[in-house]
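Here is how names work: the chains are called A, B, and so on, in the same order as the sequence lines, proteins then strands, and each is numbered from 1.
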Protein chains: 2
Amino acid sequence: MKTNEKRSDCPISSSLDIFGDKWSLLIVRDLMLHKTRTYGDFTKAKEKIATNILANRLQVLEEQGIIIKLPYPDNKVKGLYKLSKKGVDLIPAVIEIALWGSSHLSDTDESSPFIEEVKKNKVKFLKKIMDKLMADDVA
Amino acid sequence: MKTNEKRSDCPISSSLDIFGDKWSLLIVRDLMLHKTRTYGDFTKAKEKIATNILANRLQVLEEQGIIIKLPYPDNKVKGLYKLSKKGVDLIPAVIEIALWGSSHLSDTDESSPFIEEVKKNKVKFLKKIMDKLMADDVA
DNA sequence: TAATATTGCTTGCATTTTGAAAGTAAATAT
DNA sequence: ATATTTACTTTCAAAATGCAAGCAATATTA
């Protein structure tokens, strides 16, 4: 993976240079909805990411300062991944993608609890979830 | 390209199944900023998309109902691509990505005229650009 | 304490996607 | 009538993806 090549100075293009793939934003999604996750938690997500891809995406997202890896309390094998401030700031984009999918794609999980809440009051939901994720010492 | 395989019922995952790559949203970007574009216009964008990839993405986006191909007036060779309603509805997501890139990535084109306008008043900008794109008979 | 299981990866290899370059057919311009 | 433009398609090498197995460092269980 060549993560250091920018195709242009366009902020959209440069963003997609980092997370323009089918997996990166799903990692952000899982961290957004669960606050922290271990490596094993990610592998248990229903989309079934391959472990080599997961390891690569976690590394890229960490290099880019979007996620942070912390030690797991009282366990030297496990690690805890969480969103950084830069990662939390990606949530509005992820939410817009979720809203689009939920209103334009069939057979998507419309009844997902967070989608309903977002539709009811997007600003309130965003504030709530971003505040929660930023609550503890985020870099 | 297998565009018909859904990894899960999650609206984020299903959205990324369609446009989770480095090019699709750049096509949406160009249509958002220029209203309509020909095939040749897309190839002239600064990111230099390969023509085989462009042809494939245009086909997928059309199949998915995100873009519409219209005949070019008085010319049987050219075509005109434009966003459908479903495509216009992707603009909020694209804008959030642009805002994120613009505030978190260095060397992005901060001074791009539309980014400044979005930062000044996002809701107003969105309304203006979406209204404009929806003005003429959008499917 | 010794054997077993868990965790977070890495490796090998086949398949799929991407990307650069060249090619092509239809239509338009000269 | 010839040259050029337009919108692709084809070819082939390189890179990314995905599946399965492997592995070393803990942690748990007997």
* **Whole-Å gap separating P (C/dG8) and CD1 (A/Ile27)** => 14 Å
* A/Ile97, A/Leu99, A/Thr108 screened by side-chain contact (heavy atoms from CB on, under 4.5 Å) with B/Ser15, the one that passes -> A/Ile97
* Asked: When you check the side-chain N and O atoms of A/Asp41 and A/Thr38, is any donor under 3.5 Å from an acceptor?
  -> yes
* Pick base, sugar-phosphate or nothing for B/Thr38, based on heavy-atom distances below 4.0 Å to the nucleic acid. => sugar-phosphate
* Asked: Mind checking whether A/Phe42 and A/Trp23 have ring centres under 6.0 Å apart?
  -> no
* **N or O in side chain of A/Lys69 less than 4.0 angstrom from C/dC9 OP1/OP2** => yes
* **Gap between atoms NZ and P, on A/Lys48 and D/dT17 respectively (whole Å)** => 19 Å
* Taking for each residue the nucleotide of DNA chain D bearing the nearest heavy atom, is the 5' side occupied by A/Lys76 or by A/Ile49? -> A/Ile49
* Asked: For A/Ala55 and A/Lys78, take the nucleotide of DNA chain C holding the closest heavy atom to each; which residue's nucleotide lies nearer the 5' end?
  -> A/Lys78
* Structure fact -> Separation of C/dG8 atom C1' from A/Arg37 atom CZ, nearest Å, is 16 Å
* Asked: Is any side-chain N or O of B/Trp23 closer than 4.0 Å to OP1 or OP2 of C/dG19?
  -> yes
* **Protein-nucleotide distance (A/Leu26, atom CG; D/dG18, atom P), rounded to Å** => 11 Å
* Asked: For the pair made of CD1 in A/Ile53 and P in C/dT16, what is the distance, rounded to whole Å?
  -> 15 Å
* **Distance test, side-chain N/O of A/Asn56 to OP1/OP2 of D/dA16, below 4.0 Å** => no
* Cut-off 3.5 Å, side chains only: do B/His104 and A/Asp89 have a donor facing an acceptor? -> yes
* Which is true for A/Tyr72 with a 4.0 Å heavy-atom rule: it touches a base, it touches only sugar-phosphate, or it touches nothing? -> nothing
* Asked: In terms of side-chain geometry, is the basic nitrogen of B/Glu47 or A/Lys6 positioned less than 4.0 Å from the acidic oxygen of its partner?
  -> no
* **Rounded interatomic separation in angstrom, taking OH from A/Tyr39 and P from D/dT26** => 18 Å
* **Rounded distance (Å) that lies between atom P of D/dC23 and atom CG of A/Asn52** => 17 Å
* Nucleotide of C/dT7, D/dT17, D/dT9 approaching A/Val77 most closely (side-chain heavy atoms) -> C/dT7
* With a non-hydrogen cut-off below 4.0 angstrom, is A/Asn75 in contact with a base, only sugar-phosphate, or nothing? -> sugar-phosphate
* Asked: To the nearest angstrom, how far is A/Arg7 atom CZ from C/dT18 atom P?
  -> 11 Å
* Asked: Can you find a donor-acceptor pair, distance only, under 3.5 Å between B/Thr51 side chain and D/dT9 base?
  -> yes
